[in-house]
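Have a look at the structure below, then the notes.
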2 protein chains.
Amino acid sequence: MITLKDIGDELGLSPATVSRALNGFPEVSLKTRERVQEVAERMGYRANRSAQRLVTGRSGMVGMIVKTSPDLRADQTFMEVLVGMSAALAARDTDLVLAVDQGHDPIEAYRRMLSRDMLDGFILNAPVMDDPRVNFLKAEGIPFVVHGRDRLDADYPFYTIDNYAVAAESVQLLAALGHKRIAYLNGAEPYSHVARRRAGYLGAMAAAGLPVIDGAHTNDAPSEAAGYRQALSLLAGQRGTPPTAIICSSTLLAEGVMRAVRDRGLLVPGDLSVMAHDDDLPLSRAISFSPALTVTRAPLRDACVPLANALVDLIGGGNPLSLQSLNRAELIVRDSTGPAPANGTDPWP
Amino acid sequence: MITLKDIGDELGLSPATVSRALNGFPEVSLKTRERVQEVAERMGYRANRSAQRLVTGRSGMVGMIVKTSPDLRADQTFMEVLVGMSAALAARDTDLVLAVDQGHDPIEAYRRMLSRDMLDGFILNAPVMDDPRVNFLKAEGIPFVVHGRDRLDADYPFYTIDNYAVAAESVQLLAALGHKRIAYLNGAEPYSHVARRRAGYLGAMAAAGLPVIDGAHTNDAPSEAAGYRQALSLLAGQRGTPPTAIICSSTLLAEGVMRAVRDRGLLVPGDLSVMAHDDDLPLSRAISFSPALTVTRAPLRDACVPLANALVDLIGGGNPLSLQSLNRAELIVRDSTGPAPANGTDPWP
DNA sequence: AAATATTTTCAAAACGATTTAATTTGACAT
DNA sequence: ATGTCAAATTAAATCGTTTTGAAAATATTT
């Protein structure tokens, strides 16, 4: 292992100067800096992280906690974010340590992880409204960033898409096509993005002068089976006149909807328009639906680099408010949406 | 932060003695040890990992690298192992650092991770035959354990199930029920467990005196779609007389097989026996198939604790050969297997 | 050329744990 | 009492980096 002293000996310099030269301190002369950098490069110097951490009091590690619920969603979306974050953090010389929350108390895992390791910060994902983890970490003064947003007036760094707009724009597109009975298959209740989409759906329906009946908005863990079940029930008229358009909160739900449509011998978009929000996960590709799925698209992995940078900057003393990022999903019109059928021009009673 | 010195001051002892007392060295008196432990507990002492690491030269971290292939399998099985390993390693005071391999060269990610961090070891998963990562880490003298086994005469610590037996026992069960035409839907080619299962299938078929035709053994990434496609082709007789039994390398494939069976209006197990190997992942539950699926079962997560312990022990100087674990999957006969139908008593020509 | 700023460099302390070598304490035999 | 041996404890060095306060080298002003 090459140390600062080794480099210093080679050049007749003290470790202190070498350290400053490599860390870009201003008080070292350009000539010396270049010599030091050249030798460090040549000798293959790598700073000993443990020594750095000991003296700076930072661990260079941030934590992320998996909630091992039976909820399928975690597996797919969490993995995507986890992998992306890991790569993005590595680029900022930060390690991602993974822990598992197998309990009921969401705070417990954070407590344990903080006392066991010395972590510089956390990445939170899938926040619920007024998330207790946010409250805890704020109270403790631990840096954290959130993938999503647990309250509208968040004062912490986050990366999220405008979920109100995600739902509202979908409704607007369909309304412009003449649809009056539009159903919304949403995600599971507790998550904050689900509530935002619900608000967006209801808001846009109201703005378009369209009533909404009970059962036109549903909450389920995103699975093919749930999409199938809900669509079948809707299309069978079990909740009033069937809708002429169904918006899905995820492409997984849309897969189920498509199967229900086939089972009932209907045509998309002739009899029913279908659209979805697309996280662009590798498993379920909107473009390979037949017909290709109209979506609001916002790849989950887009969040990783901004979030990683925000967290490292925050730990370095950055201003939380300047590290917030609210993004719009892209509306991609494909072949699963079309004009409302003749029988679809009446709104729900 | 509470340090050794704080505890020493409280008791009128030197940090050295406190360190020894807490680390269970024999030369400290019982009375002192108890006093120290009591005070450490009371003050909530936690050793500073950075300081420990600096002086011991160990980082207390091990690495695991995700290969981000378009292969779906990674997402599901990797996540399961990752989460389990993380918990099991935490119990041994070791952190799991995640990295991503987005390149073509499997070694590159390990090189980068080694030079960037100081890692004490690695966990390898999903080995291919004569895996280059194994060769690399062996040559470098870096401790590692493998989930799986890339060669039969492995001299490193591993945890694997007997994949030859997994396939062979399935064949034996079906052969005992009178089946003569048994197909095997295997996983994707490069993985070593796939090769072992292939050998087990062919070996057991030969031992039972049953011929195997081209197309009765297939290789696919485990997905519902692949199972459907292969089963449909087999049952349509496109590869000779249809089999009376199909063994699947995963429950995902079995889901596809079941769909193909339904589409063709066949009955399980009346017309066709179906069985699978069950990793016991949360997504696809063999028991909720209808009929409930006969399987060889070996929960993936069972590997985590043994692997974590093996790696920590290996790093601590343990003998690799004594840290190997070869396990048998459990054969669980449910309702998807039955006697061969009348037309199934003839083997393939 | 002397006095004063300004750069640039260095020696030493710090971080908190482990470990080596040395010292104290206590028990026991002489 | 004295000496011997073992047991228990400690002082000090160590790991490799950062950082403080001081010193040396160089540049600028008088």
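Residue numbering restarts at 1 for every chain, and letters A, B, ... go by the order of the sequence lines. Predicted model only: the values in this text are computed from it and were never measured.
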- With respect to the side chain of Ser29(A), which nucleotide from dG16(C), dT8(C), dA11(C) is positioned closest?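 Given the options dG16(C), dT8(C), dA11(C), the side chain of Ser29(A) is closest to dT8(C).
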- If you check the Ala47(B) side chain, which of dA17(C), dA21(C), dT9(C) turns out closest?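 Selected nucleotide (nearest to the side chain): dA17(C).
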- Query: Of all nucleotides in DNA chain D with an atom under 4.0 Å from a non-hydrogen atom of chain A, which is the first and which the last going 5' to 3'?
  - Reply: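 Nucleotide range with atoms under 4.0 Å of chain A: dG16(D) to dT20(D).
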[N] [atom2] sits how many Å from [X] [atom1], rounded?
X        : N       : atom1 : atom2 : result
Asp93(B) : dA17(C) : CG    : P     : 14 Å
Leu30(A) : dT9(C)  : CG    : P     : 11 Å
Arg58(B) : dA17(C) : CZ    : P     : 18 Å
Arg20(A) : dT7(C)  : CZ    : C1'   : 12 Å
Lys5(A)  : dA12(C) : NZ    : C1'   : 14 Å
Phe25(B) : dT18(C) : CZ    : C1'   : 8 Å
Leu13(B) : dT25(C) : CG    : C1'   : 14 Å
Tyr45(B) : dG16(C) : OH    : P     : 10 Å

- For the residue pair Phe158(A) and Tyr156(A), categorise the inter-ring angle as parallel (less than 30°), tilted (30 to 60°) or perpendicular (more than 60°).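 Judged by the thresholds at 30° and 60°, the geometry between Phe158(A) and Tyr156(A) is perpendicular.
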- Is the side chain of Thr56(A) donor-acceptor paired with the backbone N or O of Gln52(A) at a distance under 3.5 Å, no angle test?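 Such a contact is found between Thr56(A) side chain and Gln52(A) backbone.
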Heavy atoms only, 4.0 Å cut-off, all strands: where does [X] land among base, sugar-phosphate and nothing?
X        : value
Thr17(B) : base
Gly12(B) : sugar-phosphate
Gln52(A) : sugar-phosphate
Ser50(A) : nothing

- Comparing Arg33(A) and Glu27(B) on DNA chain C - which has the more 5′ nearest nucleotide: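 Nearest nucleotide further toward 5': that of Arg33(A).
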- Message: Using side-chain heavy atoms (C-beta onward) and a distance below 4.5 Å, is Asp130(B) in contact with Arg151(B)?
- Response: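 Yes, side chains in contact.
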- Does Pro320(A) reach the side chain of Leu314(A), with side-chain heavy atoms less than 4.5 Å apart?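 Side-chain contact under 4.5 Å: yes.
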- Which residue lies more 5' along DNA chain D, comparing Ser19(A) with Ala16(B) via nearest heavy atoms: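 Of the two residues, Ala16(B) wins.
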- Query: Taking for each residue the nucleotide of DNA chain D with the nearest heavy atom, is it Leu54(A) or Val28(B) whose nucleotide lies nearer the 5' end?
  - Reply: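 Looking at the nearest nucleotide for each, Val28(B) comes out on the 5' side.
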- Query: Is atom NZ of Lys138(B) surrounded by more than 12 heavy atoms (other residues, nucleotides or ligands) closer than 6.0 Å?
  - Reply: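 Enclosed.
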- Message: Just checking Glu41(A): does its CD atom have more than 12 heavy atoms from other residues, nucleotides or ligands closer to it than 6.0 angstrom?
- Response: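 Result for CD/Glu41(A): open.
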- Passes side-chain hydrogen bond (donor to acceptor under 3.5 Å, both in side chains), Asp120(A) versus Ser59(A)? Steps please. CA-CA 6 Å; Asp120(A) 298 339; Ser59(A) 69; 3.2 Å; yes
